[in-house]
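Here the structure comes first, spelled out in structure tokens, and everything after it is commentary.
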Amino acid sequence: MSKSRPLIHAAVSAAMLAAIGMPTAVWATPAVPPVAAVVQSTPAKTVTNEWAAYIERQYGVKLSGEVTRAQFAAALGSILGTASGLTEAPPSIPSLFPQGTADAGKLPVWEALSAAVKAAELKELAYTYTEEKVAAAWKKAGWTYTKNGVVPHQAAQELAAALDSGLVAPDALTGVTANAATTADLAYQLLGKVAEFHGQSQNALGYLSDDDIIGKLVQAWYESQIIRAEDLQKVVDEALKQNLITGYNLKDTRFDPHFAPERTITYGHSDIVHAIQLIGLLRSEGIQARVQLEPKTSAFVYLKEWGEPVQTEDYRVVPIENGNHIAYAKEYDLSFEFASVEEKQRFEPLILRYAKRNQEDVTGLLKGSWWQPLYYSLTELEGYPVITNHVLKDGRFIAQTFTLSEQSQQVIGGLKKINPAVTISSYQFWVDQPFYQYLKGEYK
């Protein structure tokens, strides 16, 4: 490798490692740090079932019929307990509800809204509301505010703030009285919005069909940086030095899309122009999907025989004892949540035809197409081989590395030797055939 052609992305470097006989045990696509706020997607009232599916999938909460105070409190506890939190000390669950109320009893709509406002950290805003402002907000839901009505004054302010801040859609309260029992549908919406206000909802740049999707994609890329997670990197960098793995990824879980796995494919790359063209390709084929860019950093060994590496803001190297380097490259994962499983199945034929290189010089491919493109699904897809991911977590950061499933125990054992205290979770998933062949040591 000449000095004029430094290895700019991990996939090429990893392929070279495989080609020269390095162990093919582990390679994973890493992630980059967040500089910009995540753009959140907000499901409409017509897709209330999406809130239910998300809350059930993400937190294991299942509701039906009329919801009790205890059920709603437990669900809020699950969300606040896993959220990174907007403040250092999120509100305690008992403080969200009126004193002296029975946990198993009826949960009035006004109490559910009041608790959700406090859980979403909106109460200070609520208490700025004048009676006139409260009355105006209540009208959005078709309600009439009465000073000495069934809803206490502070709760009335909280309900107004909920309506104005988008914590509840006015049409969700159509035909519902403030003292009516809270239904599962309304509870799921409130829980979903509380999660969203804490950055725990489905994260998305938008839809493929959005006119501004490319602009949002590029901006998200510009705002991402090389991720650093020192405690995690001590372990996986040592694994690289020992040739236990050939590479790993760093990601920041704040960018997780939380999409429905059965309709989602994740596609990894390093060239943002490739991503722009991929979105254009999917749009041209009439495919509809929600899109999220997850920044990641890819780490691998840069061999000394490749020449002196050229460093940039998005590509850093650190020398190691044997004269080689560990390289850290800025990359991304694009997650697509398709409109249906059938739409998801249309993805691979397009990649194999327009985004997989099969010879050196070829036209009719997207810019930067790889010999072994990387895309995967957390649910089974016909024709996709199964491999294993190994995940180390520290706060919001994860380090992950992919391996052939038969090599998994060797990798776990080796990582445990490096640091016996490290916690490693692993799971199997479905990956495209070209990347599976790469893991087996094939360059093309």
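All residue numbers in this chain count up from 1 along the given sequence.
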Name all residues meeting the ring-ring contact (aromatic ring centres under 6.0 Å, His included) criterion together with [X]; count only those two or more places apart in sequence or in a different chain, and write none if there are none.
X      : value
Phe429 : Tyr376, Phe402, Tyr427
His258 : none
Trp143 : Trp138

Pairing residues for [X] by the side-chain hydrogen bond (donor to acceptor under 3.5 Å, both in side chains) criterion, not counting sequence neighbours:
X      : value
Arg346 : Glu343
Glu56  : Tyr188
Glu238 : Gln242
Glu158 : Ser114, Tyr127

Mind checking what makes salt bridge (Lys or Arg N to Asp or Glu O under 4.0 Å) contact with [X], not counting sequence neighbours?
X      : answer
Asp237 : none
Glu348 : none
Arg263 : Glu337
Asp211 : none

Practice task
Would you check if Pro373 and Pro434 make a side-chain contact, meaning some heavy-atom pair closer than 4.5 Å?
Solution key: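 Yes, side chains in contact.
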
Practice task
Give every residue pair that meets the salt bridge (charged side-chain N to carboxylate O under 4.0 Å, His left out) criterion with at least one member in residues 127-140, sequence neighbours excluded.
Solution key: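 Matches after skipping sequence neighbours: Glu131-Lys147, Lys140-Asp164.
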
Exercise for the section: Salt-bridge test for Lys106 and Glu66: reply yes if a basic N is under 4.0 Å from a carboxylate O, no otherwise. Expected result: no

